[in-house]
Structures are given as C-alpha cells and as structure tokens.
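A short worksheet on the structure shown next.
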Amino acid sequence: MARHLITSAIPYINGIKHLGNLVGSQLPADLFARYQRARGNEVLFLCATDEHGTPAELAAAKAGKPVAEYCAEMHDVQAKIAEGFGLSFDHFGRSSSAENQALTQHFAGKLADAGLIEEVDETQIYSKADGRFLPDRYIEGTCPNCGFEDARGDQCDNCTKQLDPTDLINPHSTISGSTDLEERATKHLYLKQSQLRDTLQDWINTKTDWPVLTTSIANKWLNDGDGLQDRGITRDLDWGVPVKRGTQDWPGMEGKVFYVWFDAPIEYIACSQEWASGDEWQRWWRTDKGAGDVTYTQFMGKDNVPFHTLSFPATILGSGEPWKLVDYIKSFNYLNYEGGQFSTSRGRGVFMDQALEILPADIWRWWLLSNCPETSDAEFTWEGFQSGVNKDLSDVLGNFVSRVTKFCRSKFGETVPKAGTYGPEEDALIAELTKRIRAYEGHMEAMDVRKSAQELRAIWALGNEYLQDAAPWTLFKTDPDQAAAQIRLALNLIRLYAVLSAPFMPTTSAKLFVAMNSLDTSWPDDVTAALGSLAPGHEFSVPDNLFAKITDEEREGWAERFSGIRD
RNA sequence: GGGCCUGUAGCUCAGUUGGUUAGAGCAGAGCGCUCAUAACGCUUUGGUCGUAGGUUCGAGUCCUACCGGGCCUACCA
C-alpha cells in the first residue's frame, strides 16, 4: 500500500476565496487525495489558513477586531466553506498555531546553527500616522519615470518600471494616505539561500517529470541575474511568529516576527502535528522515522511556485535534519472570469460562499476540474458553464441513471432482474470499459485533471451507447429474459459510475450508492467482477433526478448578479 | 527592459521523441430511437494549425523574426 502526503497551498486568511483560488490548489488536491484513498492507499491530506502578514492586520483593523479574533473567525468561515465543497482534509490547520510557532522558531535556530542566517542592518520606510513600517506596495506616489500618479513603491503599473519607494515623488501611505513618511533603521534576518543555490539546482534538475510551469519558474529564480538571492525572513510587525532562535531569545530581534512566507510552508509540517496524537506525524515527515516510503505531492497556483520550489526546500535542506522533501509539485495557471481576472480586492467573479448559495458543490467541482487551467490560463463564462454542466451531468450521467432505474421499475420492479445471461455485446462493453478505466487511472495517477475528466465522461457515455445498441425496451416485447440481463448490467454500471466518479463528485456518488442500496465502494480492478456487484434479486430505489438543468433564466440572472462588485 | 507560457474547427481544448488523408467535446445539419431530465444513439458540415521566412525526403511539432494574449520579475501573499 502506497503512502501519499498531499498538501494544498494554504489560502490567505483575509476573506473568502474565489473559484480561481479553489481550482488552483484545494480542489485538484482533493481530487487526488480522494482518488488515492479510493485505490486503497494511505493518505494524509493537509491544508490550513495562512494567517500572518500585513494584509491580515489591515483586514482585522478594517473589521474593527483584534487580529487574533479576526483570524479565528475567518478560519472557521473558510473551514465551513471548504466542508461545503467536500474538501476532504484530514486536518485544516492554522499557521498561527502553537505548533507552527515552535517549529518555525526551531527551523530558524537550525538554520542559524548551520551559518545560513545573516543579520542585516537596513533602512525601511516608516509611517508615523500608521505606526508601522510599510511594505513597498503600501506606498504610492508619482512615478519618476513616466509621471504616473498612482505608482506603487515596488513597480509602476503604468510604465512597468521597477522602483524603490524612495524613488517616488510625493510618496504616501496607501493605508492612511499620510505623507508623513521617513526612512528608519531596522535590523532583519536574511536566509542565505545563495549558499544553497547549487544544492537546489541539482535537486530541481532531477525533477524532469514536473510540469514545465513549475521547473521553469524555479530555474528562472536560480539563474536570473546573480542567481538565487538571499531573502529577508523577518518583519517589523506585531502579528506573527516571534523571532526566536529555537527556544532562545534572539538578541536584537525583540518585537519582530518571522516573514509570513517563512512560516507558512512550515505549517504543512506543523499542521500534521496539530492533526496527530503524539508522534504519529513523524512517519509522514521524518525520513528517519518512517517517512522514507512517503510520496509527497503539493498543489498550488503559479504565484506560489518560487516559495515551494526554492524557499521552503532551502529551509528544509538548510536545517540539516532528515525532513521529507516534496516529490512532485503540481502547479496551475489562472482561471479568468468572463474575459477578465477574478479579483479578490475588487470583488470580481464568483466567490466560494456565493457559488454554494446558487448550486450544489458537485456541479462546481465537475466544471472547475474538467476545465482547470493546467497548460494555460482558462476561462469561466456563464454560457460555457451552463452548456458544459447540462450536457455532461444532466444529459449524459443523470439521464442514464434515470432511464435505467425507471425502465427497470416499470418492467421488473425495484429489484435487480434475475433472468438472462450476458453475451458478446456485454463482453465488448466490458472490454471497452476496462480499456477506458485503465486510461482513467493513468491520467489520475499523473494528475492530468482535464484528461481524467474527459475519460470519465467517455465512460459514462459508454452506458448510453450500450443501452441504445441493446434497446431493452424493444427486446422486452420478444425476449424479456435478455432485456432483464441488459438491465441488470446497466444497474451495475450505475454502481460502477458511483465508484469512479466519487473523486470528482463525492455527494452525487454517495446518492448513487444509497439509491443502489450498496456499500461496495471497491475499485474495479476486475471490471467483470465489478459488474456483478449488484446480484440478481438485490433491491434498489429510483433516485430523484441527480442534476437539475441550469435554465437560461438562471444563467442570465447569475451573469447579471456577478457582473460587478460583490455585494 | 528581462524571463517563461500561449496562439490548432464558431466555442473550449487534445495533439507523445518532426512521419502517411490534423483529433475530441460543445454548438450547427441530417437520420434513427422512444426507456429517460425534448433526454439518448448514429452519420455529417467546419481548420492553408497567429504571420513571414528557414532547416528537412517530410514541420501543428525544430530554428529565426514579427504580430496578439497571459504570467512572473524576489518587501502583497
């Protein structure tokens, strides 16, 4: 039995995520986790909220709450929505946990012991009105290059020139608008990633099967300009993991916290400590404690790739301790919304809570996964969504279940008919099913999400093709026994579909198991045997229609409702 | 500015190391079926593969230039 450690990029705490965030990390990770469990493998699937950093502090202030309270509430909100989407985390943790705090400090201590931490004196912009140091992006002013008035401190959005905050003319805080800014001396810890450059390059070079998107971003950072740069891992903030060297105070670093991107990936490990009782987590993370046979897969959007291919591995490798390194990084492009971008800050697009208000989770799961942005950015349009969902789910799968169960009820009652035997047509179907199921498995193992969905859909369609060819409604008049055998097979197909479709649509799958009155969720390694699961005489019930069609009126209403800023 | 990705039928996308008449789903057209959510099945119409050159016996696939779209560029996360 294989062992799979699976983590999804951890969503930031400051608000509800949109569908683009969902499809870029949590949803495909859940698909993979559910599939591996269905194949009988041991899975630990982890996710958490990423709670530190300036935006969290500002969001809390805006909500008029202490940041700890705000984060606790938002964590619960995100956890509930995740549950609504059927995300099957073994644990949904928090980067602000005591476990992560201790582990982050531990790693910092080990890195310092290894000579990989440097203390750097520097100056940063301080805003007296805001009472805080400002990250470059929170300072705006006039671009010295093109005269654009709303240039950010790191880059001008108009002429794309890279800037330093001190370059700006008439700089002001984007938080308060205050122009009372000054340069202040401060000291920070830098992780000397440059010393690990060759180690990281050698490691990345072995990952020939990773998505191009993943390795090309990593190589860019490793080789651009002077190569991998050292990186500041502390900030002058109140909310975060206090800077300590292991359990010891760090002289000169009082009142400072670790940078959110330093502690966030460590939460993957800490999350397992939150989940586990005792040392159970170690057999997933420590190669000296039984994690040697673990396959570790991470899922994330492309914006997260540098931190997962370089920063976090630098932390792991630099510690000199036997931690498990990631084996495969599945990265995604972005999902666009009706010709533009989903935007959290501007409230553009459909957000996870809104999605669940208007349609069941499985419908979203199916469309998002079968259209996920694997090779390039993908496009959400209401028309495409409507036609895709109606065709695939209502017409191909839903209607198949409906026609089979209702025909059986009217001719044979709500029991699997006993008469008749299988012949060449059934053998041909089984051969075709076997071929396609093996292909489906291959795509799922490879995490080819769109291809997996395409194959699954083709497997559903085989049922309709078979029925049309067999035509039990005609045969019933002359050879009812043969029609009975055909319907027996078709009923078994429904159970088979419930098994195969479960990773994509867990709720629908569960409904089918209930209707078929079956507890047999075993994977169809032998398709012939799987199609004998529901024995002659087995009772079942006719389910309600699985998927209501999306009407034109609904589609138009939603397109209108979600055309602007979220309410 | 630099780097990476991308441009294939009306739409959304597949096209393995260059190899015969370029594929799928949806949409369109025709036929069939009537068990079913007017659902299903079969057949079929659509493409000089962004443009222009080049390499090759052979290019959607490799090279160059150009045009269009996107992302990243290290202090947002």
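So you know, we letter chains A, B, ... as the sequences are listed, proteins then strands, and number each from 1.
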Legend entry - F407(A) ring over C35(B) six-membered base ring, under 5.5 Å and 30°: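 A stacking contact does not exist, since F407(A) is not both close and nearly parallel to the base ring of C35(B).
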Nearest-angstrom distance, [atom1] atom, [N] to [M]:
N      : M      : atom1 : value
C42(B) : G25(B) : P     : 9 Å
A22(B) : C67(B) : P     : 31 Å
G7(B)  : G15(B) : P     : 10 Å
C13(B) : G54(B) : C1'   : 30 Å
C4(B)  : U64(B) : P     : 11 Å
U45(B) : G3(B)  : P     : 45 Å
A9(B)  : G50(B) : C1'   : 15 Å
G46(B) : C5(B)  : C1'   : 29 Å

Legend entry - Length of the CG-P vector between L222(A) and G2(B), whole Å: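 Going from L222(A) (CG) to G2(B) (P), I get 21 Å.
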So what does [X] touch, heavy atoms closer than 4.0 Å: a base, only the sugar-phosphate, or nothing?
X       : value
K411(A) : nothing
S216(A) : sugar-phosphate
E122(A) : base
R450(A) : sugar-phosphate
F476(A) : nothing
T375(A) : sugar-phosphate
E465(A) : sugar-phosphate
Q124(A) : base
G15(A)  : nothing
T54(A)  : sugar-phosphate
N336(A) : nothing
N464(A) : sugar-phosphate
A378(A) : sugar-phosphate
F307(A) : base

Legend entry - Donor/acceptor link under 3.5 angstrom from N399(A) side chain onto base of A39(B): no
Inset, instruction - Mark yes or no for a side-chain to base donor-acceptor pair under 3.5 Å between W221(A) and A74(B), with no hydrogen or angle criteria applied. - result: no
Legend entry - Qualifying residues under salt bridge (charged side-chain N to carboxylate O under 4.0 Å, His left out), relative to E338(A), sequence neighbours excluded: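 E338(A) satisfies salt bridge (charged side-chain N to carboxylate O under 4.0 Å, His left out) with no other residue.
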Legend entry - Side chain of D395(A) (C-beta onward), nearest among C71(B), C40(B), G25(B):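 Looking only at heavy atoms from C-beta outward on D395(A), the closest nucleotide is C40(B).
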Work out which heavy atom in [X] is nearest to a heavy atom in [Y]; give both atom names and the distance.
X       : Y       : value
A218(A) : L310(A) : O-CD1, 3.9 Å
F133(A) : D236(A) : CD1-CB, 3.3 Å
L491(A) : C408(A) : CD1-SG, 3.8 Å

Legend entry - Lys/Arg N to Asp/Glu carboxylate O, R94(A) vs E51(A), below 4.0 Å: yes
Inset, instruction - Using a strict 4.0 Å threshold on nitrogen-to-oxygen distance, state whether D154(A) and R152(A) make a salt bridge. - result: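 Looking at D154(A) and R152(A), the cut-off is met.
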Inset, instruction - Applying side chain to side chain contact (heavy atoms under 4.5 Å, CB included) between F385(A) and each of V350(A), N371(A), I363(A), report the one that passes. - result: I363(A)
Pair up each side-chain donor or acceptor in residues 449-457 of chain A with any protein partner under 3.5 Å, not counting sequence neighbours, and list the distances.
{"unit_1": "R450(A)", "atom_1": "NH1", "unit_2": "C372(A)", "atom_2": "O", "d": "2.9"}
{"unit_1": "S452(A)", "atom_1": "OG", "unit_2": "M444(A)", "atom_2": "N", "d": "3.4"}
{"unit_1": "S452(A)", "atom_1": "OG", "unit_2": "D448(A)", "atom_2": "O", "d": "2.7"}
{"unit_1": "E455(A)", "atom_1": "OE2", "unit_2": "R436(A)", "atom_2": "NH1", "d": "2.7"}
{"unit_1": "R457(A)", "atom_1": "NH1", "unit_2": "D392(A)", "atom_2": "OD1", "d": "2.4"}

Inset, instruction - Would you mind telling me which residue lines up with the more 5' stretch of RNA chain B, K549(A) or D377(A), judged by nearest nucleotide? - result: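 This one resolves to K549(A).
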Inset, instruction - By nearest nucleotide on RNA chain B, pick out whichever of G388(A) and L213(A) is the more 5' one. - result: L213(A)
Inset, instruction - Return one dot-bracket line describing RNA chain B 5' to 3' (Watson-Crick or G-U wobble pairs, both distances under 3.5 Å; ( ) same strand, [ ] crossing, | another strand, . none). - result: (((((((..((((.....[...)))).(((((.......))))).....(((((..]....))))))))))))....
Inset, instruction - For the pair F476(A) and F412(A), name the ring-plane relationship: parallel under 30°, tilted 30 to 60°, perpendicular over 60°. - result: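 Perpendicular.
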Legend entry - Chi-angle category of G60(B) [syn within 90° of 0, anti beyond]: anti
